[in-house]
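Everything on this sheet refers to the single structure shown next.
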2 protein chains.
Amino acid sequence: MPGRTDGVAACCPRLLTAPLDEDQAGELAKVFKALGDPVRLRLLSMIASRAGGEICVCDLTPAFDLSQPTISHHLKLLRQAGLIQSERRGTWVYYRLVPEMTDRLAGVLARPAGEPLPESAGAAS
Amino acid sequence: MPGRTDGVAACCPRLLTAPLDEDQAGELAKVFKALGDPVRLRLLSMIASRAGGEICVCDLTPAFDLSQPTISHHLKLLRQAGLIQSERRGTWVYYRLVPEMTDRLAGVLARPAGEPLPESAGAAS
DNA sequence: CGATTGCATTGATGTCCTTCGATATAGCTT
DNA sequence: AAGCTATATCGAAGGACATCAATGCAATCG
């Protein structure tokens, strides 16, 4: 449905540098909302930290005290947020991280080096 | 540098490097959940990007098509997440960013340089 | 084939979240 | 003190979300 928009934002929304417009904020909020659940955070970290870059759902589900449909639901939300992607191989489905998305989020939250926030800039010069 | 500030996690949860435990995931999820709303993201960016490091609520409220109590509620959630702090001066209340928190989130999402993700490493060695 | 396993979807339910109007609290002004 | 402005809190209404059991679909196996 949202097919291929410009993703989270054109290039680098820079949360801490300039006010976000409504569209940027809406796109970013979807991704942060996907990260706003402890189960999904643990799923994402299990996927991202897995040696080989991918992990089978069959290894994810038993790690939680939740039903299999619930885990499948959370994986779907992470995928719709653009944070992970899935691939079916035979009977199993493997998930892997989409590092471009986490890179973008890290960039959104980072303050440019050498260009401190206004707060600390006040006394600087 | 802020060594181990209590809060989100001991030092550096490293979302993409090792699986988060339940406590780390719970703490981080609270902060990401606070970012998972377009209004709060715009509020945070307006606060962070303001020259002087702080902004009056009286400048935030009219920027939205929402009631004053709703803006106040969102500011409370951002403050409870540790992302901003407030100070009353006379009649007005000023908000400012807590850069340690956004720094920490950026660190959580970043992959260490020179130590690529398993995906791009291709399970080297 | 039919049975079995792995995963996704559906539908229902209880809980949380966003939003509002009304009201309370804090500080200035006259 | 009385009134005014700025901000926070309260209580309610509606929608969104997490979770589950039941079911559907795909791929392998006997």
Side-chain angles (χ1 to χ4, degrees), chain A residues 1-2 20 22 25-47 50 52 54-96, chain B residues 20 22 25-44 46-47 50 54-96:
Chain A
M1 317 196 328
L20 295 172
E22 292 187 41
E27 293 289 336
L28 270 177
K30 287 181 192 169
V31 188
F32 281 125
K33 189 177 295 182
L35 295 176
D37 181 280
V39 175
R40 288 195 290 271
L41 276 181
R42 291 180 59 203
L43 283 169
L44 186 66
S45 71
M46 291 177 70
I47 294 169
R50 182 71 160 200
E54 58 185 20
I55 186 171
C56 176
V57 175
C58 61
D59 288 331
L60 292 170
T61 303
F64 295 85
D65 222 18
L66 295 169
S67 69
Q68 174 267 320
T70 297
I71 299 299
S72 187
H73 170 69
H74 284 304
L75 289 171
K76 182 181 185 176
L77 292 186
L78 286 172
R79 183 161 37 82
Q80 289 177 333
L83 287 160
I84 58 175
Q85 65 188 121
S86 64
E87 179 192 353
R88 170 157 226 139
R89 281 208 301 275
T91 307
W92 298 277
V93 174
Y94 295 87
Y95 279 88
R96 73 175 53 199
Chain B
L20 295 172
E22 292 186 41
E27 293 289 336
L28 271 177
K30 288 180 191 169
V31 188
F32 281 125
K33 188 178 296 180
L35 295 176
D37 180 279
V39 175
R40 289 195 290 272
L41 276 182
R42 290 181 61 203
L43 283 170
L44 186 66
M46 290 177 71
I47 294 168
R50 183 71 160 199
E54 59 185 19
I55 186 170
C56 176
V57 176
C58 61
D59 288 331
L60 291 171
T61 303
F64 295 84
D65 222 16
L66 296 169
S67 70
Q68 174 268 321
T70 297
I71 299 300
S72 187
H73 170 69
H74 284 304
L75 289 171
K76 181 181 185 177
L77 292 186
L78 286 172
R79 183 161 37 83
Q80 289 177 333
L83 287 161
I84 58 176
Q85 65 187 109
S86 64
E87 179 191 354
R88 169 157 226 141
R89 282 208 300 276
T91 306
W92 297 276
V93 174
Y94 294 86
Y95 278 88
R96 73 175 54 203

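First the proteins, then the strands, lettered A, B, ... as listed; each starts at 1.
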Rounded to whole Å, CG of B/Leu66 lies from C1' of C/dC17 at a distance of 14 Å

* Asked: Any side-chain heavy atom of B/Arg40 within less than 4.5 Å of one from B/Leu83?
  -> no

Winner on side-chain proximity to A/Ser72, out of D/dA8, C/dT9, D/dT28, is C/dT9

Out of C/dA22, D/dT19, C/dT9, minimum distance to the side chain of A/Thr70 belongs to D/dT19

A/Lys33 atom NZ is separated from D/dC17 atom P, nearest whole Å, by 5 Å

Residue pair A/Gly36/B/Val93 against DNA chain D: nearer the 5' end by closest nucleotide is B/Val93

Atom CD of B/Gln68 and atom C1' of C/dC20 are separated, to the nearest Å, by 11 Å

- prompt: When we call it a touch if two heavy atoms are under 4.0 Å apart, what does A/Tyr95 touch: a base, just sugar-phosphate, or nothing?
  reply: sugar-phosphate

Separation of C/dC20 atom C1' from B/Phe64 atom CZ, nearest Å, is 17 Å

Closest of D/dA22, C/dT19, D/dT19 to the B/His73 side chain is C/dT19

Side-chain contact check for B/Ser67: nearest option of C/dA8, C/dG6, C/dC20 is C/dC20

> Under 4.0 Å between a side-chain N or O of B/Arg88 and OP1 or OP2 of C/dT25?
Replying inline: no

Closest to the side chain of B/His74, out of C/dT18, D/dT7, D/dT19, is C/dT18

To the nearest angstrom, the CH2-P distance between B/Trp92 and C/dG27 comes to 13 Å

Out of D/dA6, C/dT5, C/dA22, minimum distance to the side chain of A/Thr91 belongs to C/dT5

Side-chain atoms of B/Val39 come closest, of D/dA8, D/dA6, C/dT19, to C/dT19

Exercise. Do the side chains of B/Glu27 and B/Val31 get nearer than 4.5 Å, heavy atoms only?
Worked result: no

Taken to the nearest whole Å, CZ/B/Arg89 to P/C/dA26 is 19 Å

B/Leu77 CG to C/dC16 C1', in whole Å, measures 12 Å

If you define the side chain from C-beta out and look only at heavy atoms, does anything of A/Leu60 sit under 4.5 Å from A/Ile47? yes

Rounded to whole Å, the CG-P distance (A/Leu60 to C/dG6) equals 14 Å

